[in-house]
Every structure is written in C-alpha cells, then in structure tokens.
*Asks:* 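I have a structure I would like to understand better, so I am pasting it below and will then ask my questions one at a time.
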Amino acid sequence: MICILLVAGHGTVLETQIKNDDTGLYSHLAGVPKALLPGIGGKKILDFWWETVNMRQLFTEVYLVTNADKYKYYERWATANDFPVENVVNDGSTTLADRLGAVADLELVIRSRKLQDDIMVIAGDMLCADQNFDIAQVIRFFRSEPGELIIYYELEESEKSSSRGIVEVCRDTHRITRFLEKPQEGLTSSRLASVVFYCIQRVTLSDLSDFLNLQPQATDRSLGRFWEWLINEKRLDVFGMKLPTGFQLIGQVGLSDYTRWLTHYSTKQQDTPAKPITCRSFARVGLMGNPSDGFNGKTIAMSICNFWAEVTLVESQTLVLVPHPLNDPTEFGSLQDLFCISRKEGYLGGLRLLQATCKKFYQFCSKQGIALTKQNFTLKYDTNIPRQVRHRLSDAEVSDEVLQHHRRRSPKVDSSQLHPQRGDRGAFHHSWSSGPSCSGLVYMDFSKKLMEEQGYGSYVSMDMSGLPPFWLAYLSDPSDSGRIHSNIRQRWLSGEPLVVEAMKTFAELTDQARTALQDKDWRRLAQLMDQNFELRRSVYTDECLGPGNLKMVQLARQFGSAVKLPGSGGAVVGLCLDEARLVRLVEMRQAFQEAGCVFCVITPYDPVGRR
C-alpha cells in the first residue's frame, strides 16, 4: 500500500492574517506552510502524520504533493525528517487562482510516479484531537471490505455540518449510502463528518481521471465533490470507519479558528485520567429449556442478586490483566496446598476470560469499523460465584453472536456485554451482561431460522413482578458433575432422533413455561420444571448427570419441591409451592447442608427496579 500526503493547498487567509497580526505573537510563522505550523504539543502538524505513517513498514512508499510556492519549505522539512526528498512532488502552482485542485494533485502523483497499488490519502495540514489511534487498524478494516474506505468522526456540538463533508452510513454493512459536501441545513440529520483520510483501491484509481474530465474548473475538483460523484452517482461501494477523535483541516480558516482549535485539542490532551469504571453483572439460572443456543432451542433464564461478577477498568500506561488473589493463585503455602487447591478448583481461573473478552472486543471493533485509540487500561475482576458451578470457558468461546445481538441493541460496544457461546446461555454462571437486554427474566429463542438469518437469537424480557420463591443449591465438591454435556452435541449434530426430538421438546416446554409465567400459574410452572429435568435425565442418562446432581434432585423432591438443573451441572434450582413453604425452605436448607451442599433462597435481579 502507498500513502500520499496532500499539502498543496494555498491557504491565503491564514497566511495573510499571520503576516498582518499586530501582536507579534505569530511573526515567526510568517510564510510558513499550513502543514508546518505548530500542532498538538508544539509538534508540527505534518510531523505527526509522518510519524503516524512511517511505522512498522505499513507502506511501501510515502509521497508528499505540494505546490511550487511552498516546495522549498517541504524540501527542507524532508531533509530534516528523513523523508525521501525525491518523493516530494511539485504540482507547479503558485497561487490560489492557478491551483490544480485536490483531485488533480492526487492524480498527478499517481500518473507521474506510475503508481499501481492501493493508496491511502491524508491531508497533511489536518489537526487531530487524539493522536493515539492505530492506523494499522484502518488498513486492516479497508482490506476486509470490498470497496473504498472513508474515515469519519462525529461532529462536536460547536461544529456545523454545513462546513464539512457529511456521510450517511448503513449501520449493518458500514457502507456509505450518501455523501453530501457541505450540505445546507435540513438536508440530512447525520452528524458524521468525512475527513481527508481515505483508502482507495488500485482498480478505482482510473476514476480520478474520469472525474477530472467532467470537472474542468479547479473549484469543482475537491475531494468532497469526487466522493459525491463516486457514491451518489456511480454507486460504487464505499465503506466508512469511525475514528474516536476529531479532525480539523486548516484549509481556508483564519488565525482565530486555527488558534481556537489548537487550544481546544491541546486542552483535551491535558485532561485528567478518566475515573475508574466498575461494572457488576449478576449470575443467571436457567428456569426452563435447555442451554440451547447450540441446539437451536429455547430457554428462560433469570438473573439473581445472590451471585455476581464485576470488572473494574482503570487507565494505565500498559494493558494489564490483574490476577484475582483467590481465583488465580500463583503463590501457595506448600506443594500439598497447591495439590489440594488444584484438585478441587482446577488450574484455570478468570484471567483467560478477561483475555478472551479483550480479544473478542478488539476483533468486533475491527470488523464493525470502530477504530480504537492506543490508550491502555488495567482490568481486574471480583466475583462471589462459586467456582465449582461456573462455566468453564475457553478463549475461543466468547460469542460473535452475542456481540451481534448487542450491536443490534445499542450503538456502543462495552466489553461487559460479552458472555459464553456454547451450552450455558441459561446456566448458573458469569453472565457478563449488565445491560437490560440480557438481564432480568429473559426468554431466549435460538431457532435455526433466526440463527441463520441474523446470526443471533431472540431475547425477550419478561415481567418479574410477583414471582414465587425460588431456591438454589449447589455441591460443595462437584467432582462428579463435570460431564453434564457428555456427547450430546455430537449426537445432535449427527441427527440422532432421540436427541433431536428432545431438543424440540425442550423448546415446547419453554413456550409453555413462558405462558405459565405470564399467567402467574406457578403450579403449572412447577410441573414443567419437573418435566424439564426428566427429559434431560432421559437424554443425558444418570451416569452422565452424576450422583451429586441426582442426590440434590432427590432431596428436593422429598420436600415436594419442583427441581431442575439450571445449567451445566453442580447446582439445582427449585420452586416450592407448599402452603407452609417458608418452614419447608428452612427444613430444606438444613437437609441440604447435612448432605454437604450449599442452599440459598434466590433473590431475583430486575434491571428495571422491580424486585
């Protein structure tokens, strides 16, 4: 890929005002080209862009196109900054009246140097508010889409859309559907401003000449007019990527505008570090169905306040994932201590979940055309969810489908919205979903049609008012409950009739339970929970369920309580409708404790405030 920096404009307004300034503050800048004026932090504007593109060998060549009037300045700059002087192209113009126009300057470089590669075009006299964005991420996104790329940002409140090129972007495809060069008020509601920061495929370079043939006047040869023609008239595929920063072309602005934006952006750079962000998510229990996103089924899950996980983000110089003192131990009292802890809790703590979440978040933003800054953070977590009933997640299991679902719900992406992909949508584990779309009482449909059409399931929040008392019990030592999924998925994929029909029945039970919850028919709900367990038992077999799970189910039934597995195993959820249920719950607690289990009454979590 080749990069071309455009600095051939004739900024007569700014240059004249600097020359005529009576304060004497800017006399040392008289005659200096716009791109060589001081930028953020006192660094020349062009210095920043050269440093940005001159890294990690991202480009085979970098060219600078200027005019005859300022050529000597850029020749000296090139010599001082290790820029190849032979790559400074002179367009021959000396005044604003005889300028070629930005598109003609671009075409001149391509034609005179016989360039036959994809190119990135950047205005070298453009102020950038946040200088930490990753230009490599821009290139990756460009190469992932079958078309040209335009960088855009969201205008600040003080900026008028009539002063910029405005893009309208399809949120799902990232395709720019319309480009409006300095539109009049009322023509568009978009506040997304295009900047002179583009990537153009080599097969599209010939369109530059075609455009120039249609526009003989230099005033009409702006890049904004070119994109209007390419997008609105030729209907070429042009995509947009949003950078998390503001941009200002010095262009034809005056001295007051230049100093105002320089001060504004410099102030942003000096802002105090952001305050730590802490987000808590509550665990979920599956009340009905199968954890069935992997089986095109349905489930109903409920968030509970009893158990939670939270993460805290703090700005830092490097990206740091902080081990949890209990869940990620690295120091032990003895070899025996290490042996006992590892035998009971395994070897893998929460760090890999944090790493997998960060990895998926980065991939998602790259795919969605959301460029991230190079700001780093420290990420730490805490949880009171019993380790033995958490979902054991591999770093490949953080779901793209969930990210797609979240993007549908909200334009902003938050890593706290990630949760596991296979087997445990409705399970008792870390939900990592603090938003209302996944918290509370949620009916989930993962039908084959939905998954094929949109890549994610349907999530419907349900009314939580007036729920009966549910309870939860889990094994203190779950060593015999870890094989709950066994070979069911393989049997389902191979089309085994018993498993396929069971998954359909799980979905039917879920729909019936949804009706029971809406009608507040708790006895019917209890019957369905028992049916759900028996169906699970018939498919998975007692050997697969393990004696620990079966013992808890048996205990619950001795007290007349409906009971089922809420997830992968190691825990059971129940609903006791005995008239003297409060007394029975106390007795059940004692019985479970005597059997070596932990028992608690569930406190539902309602994201809209109803408890």
Side-chain angles (χ1 to χ4, degrees), residues 1 3-6 39-41 43 45-56 58-59 118-145 147-159 161 163-171 173-176 179 190-200 223-224 227 231 238-251 261-262 264-266 268-269 271 274 315 361-377 407 411-414:
M1 192 172 198
C3 180
I4 299 176
L5 299 171
L6 297 178
I40 309 302
K43 183 187 301 182
I45 299 172
L46 184 58
D47 287 348
F48 161 69
W49 288 112
W50 173 228
E51 289 176 8
T52 299
V53 302
N54 186 31
M55 59 177 291
R56 293 190 289 176
L58 296 174
F59 303 98
D118 298 338
I119 64 169
M120 177 179 286
V121 183
I122 301 175
D125 57 353
M126 186 165 56
L127 287 173
C128 179
D130 185 346
Q131 304 189 28
N132 287 315
F133 69 85
D134 186 358
I135 199 167
Q137 195 176 8
V138 174
I139 296 174
R140 280 194 294 270
F141 183 70
F142 166 61
R143 288 174 174 164
S144 72
E145 300 291 351
E148 325 313 315
L149 176 65
I150 285 179
I151 297 300
Y152 65 89
Y153 78 102
E154 191 158 2
L155 291 171
E156 298 192 18
E157 291 184 7
S158 60
E159 295 182 86
S161 57
S163 65
R164 309 301 297 272
I166 301 298
V167 294
E168 295 177 355
V169 185
C170 175
R171 182 174 170 185
T173 65
H174 319 298
R175 190 174 182 270
I176 295 178
F179 190 105
S190 175
R191 296 278 296 169
L192 305 178
S194 164
V195 296
V196 183
F197 194 158
Y198 318 114
C199 293
I200 304 175
L223 286 162
W227 290 113
I231 295 170
V238 179
F239 296 87
M241 183 178 196
K242 185 178 182 180
L243 286 189
T245 180
F247 295 89
Q248 287 296 323
L249 271 172
I250 302 303
W261 282 110
L262 189 59
H264 178 59
Y265 285 170
S266 296
K268 281 192 171 186
Q269 295 290 310
D271 286 346
E315 191 173 347
F361 179 69
Y362 182 86
Q363 288 177 336
F364 174 76
C365 290
S366 296
K367 290 178 181 179
Q368 300 306 312
I370 304 169
L372 301 173
T373 69
K374 294 181 181 177
Q375 287 177 287
N376 285 317
F377 54 86
R407 180 169 61 84
K412 294 184 179 179
V413 180
D414 184 341

*Asks:* Report yes if the side chains of Ile151 and Tyr198 come closer than 4.5 Å at any heavy-atom pair, otherwise no.
*Replies:*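 SC-SC contact between Ile151 and Tyr198 ruled out.
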*Asks:* To check you understand the geometry: which heavy-atom pair defines the closest contact between Val53 and Phe59, and what is its length?
*Replies:*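 Looking at all heavy atoms of both residues, the closest pair is O-CD1, 3.3 Å.
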*Asks:* For Phe142, which of Met120, Met241, Gln137, Met1 qualifies under side chain to side chain contact (heavy atoms under 4.5 Å, CB included)?
*Replies:*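 For Phe142, the side chain to side chain contact (heavy atoms under 4.5 Å, CB included) check succeeds only for Met1.
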*Asks:* Excluding sequence neighbours, so at least two apart, what forms salt bridge (charged side-chain N to carboxylate O under 4.0 Å, His left out) with Arg140?
*Replies:*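 Testing Arg140 for salt bridge (charged side-chain N to carboxylate O under 4.0 Å, His left out), a comparison that skips the adjacent residues, returns Asp134.
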*Asks:* So which heavy atom on Cys3 is nearest to which on Ile122, and how close?
*Replies:*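 So the two residues come closest at SG-CD1, 4.3 Å.
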*Asks:* Are the side chains of Met126 and Ile45 in touch, meaning some heavy atoms are under 4.5 Å apart?
*Replies:*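 Counting from C-beta outward, Met126 and Ile45 never come under 4.5 Å.
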*Asks:* Inspect the contact between Lys43 and Glu51 and indicate whether a charged nitrogen and a carboxylate oxygen are less than 4.0 angstrom apart.
*Replies:*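 Salt bridge flag = yes for Lys43 with Glu51.
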*Asks:* Is there a side-chain contact between Asp125 and Leu46, using heavy atoms and a 4.5 Å cut-off?
*Replies:*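 In short, these two side chains do not touch, never coming nearer than 4.5 Å.
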*Asks:* With sequence neighbours left out, what residues match Tyr153 under ring-ring contact (aromatic ring centres under 6.0 Å, His included)?
*Replies:*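 In terms of ring-ring contact (aromatic ring centres under 6.0 Å, His included), with neighbours along the sequence ignored, Tyr153 is linked to Phe247.
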*Asks:* Looking at every non-hydrogen atom in both residues, tell me the closest pair between Cys128 and Trp49 and how far apart they are.
*Replies:*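 Taking Cys128 first and Trp49 second, the nearest heavy atoms are CB-CZ2, 4.3 Å.
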*Asks:* Looking only at heavy atoms, what is the nearest atom pair of Ala193 and Ile166, with distance?
*Replies:*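 Nearest pair, atom of Ala193 first, then Ile166: CA-CD1, 4.1 Å.
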*Asks:* Using the rule side chain to side chain contact (heavy atoms under 4.5 Å, CB included), only one of Leu249, Leu155, Leu192 pairs with Arg164; which is it?
*Replies:*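 For Arg164, the side chain to side chain contact (heavy atoms under 4.5 Å, CB included) check succeeds only for Leu155.
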*Asks:* Is the shortest side-chain heavy-atom distance between Ile135 and Phe197 below 4.5 Å?
*Replies:*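 In short, these two side chains touch, coming nearer than 4.5 Å.
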*Asks:* Any heavy-atom pair between the side chains of Glu159 and Trp261 that's under 4.5 Å?
*Replies:*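 Trp261 vs Glu159: side chains touch.
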*Asks:* I'd like to know if the side chain of His264 pairs up with that of Glu156 as donor and acceptor (distance under 3.5 Å, no hydrogens or angles considered).
*Replies:*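 His264 vs Glu156: donor-acceptor pair found between side chains.
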*Asks:* Tell me the closest heavy-atom pair linking Ser161 and Ser190, and the distance in Å.
*Replies:*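 Between these two residues, the closest heavy atoms are CB-O, 4.5 Å.
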*Asks:* Measuring only between side-chain heavy atoms, which start at C-beta, is Val138 closer than 4.5 Å to Leu243?
*Replies:*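 In short, these two side chains touch, coming nearer than 4.5 Å.
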*Asks:* List the steps, then state whether side chain to side chain contact (heavy atoms under 4.5 Å, CB included) holds for Phe141 with Gln368.
*Replies:* CA-CA 8 Å; Phe141 183 70; Gln368 300 306 312; over 6 Å; no
*Asks:* What are the two closest non-hydrogen atoms of Ser194 and Ile150, and how far apart are they?
*Replies:*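 Minimum heavy-atom contact is OG-CG2, 3.6 Å.
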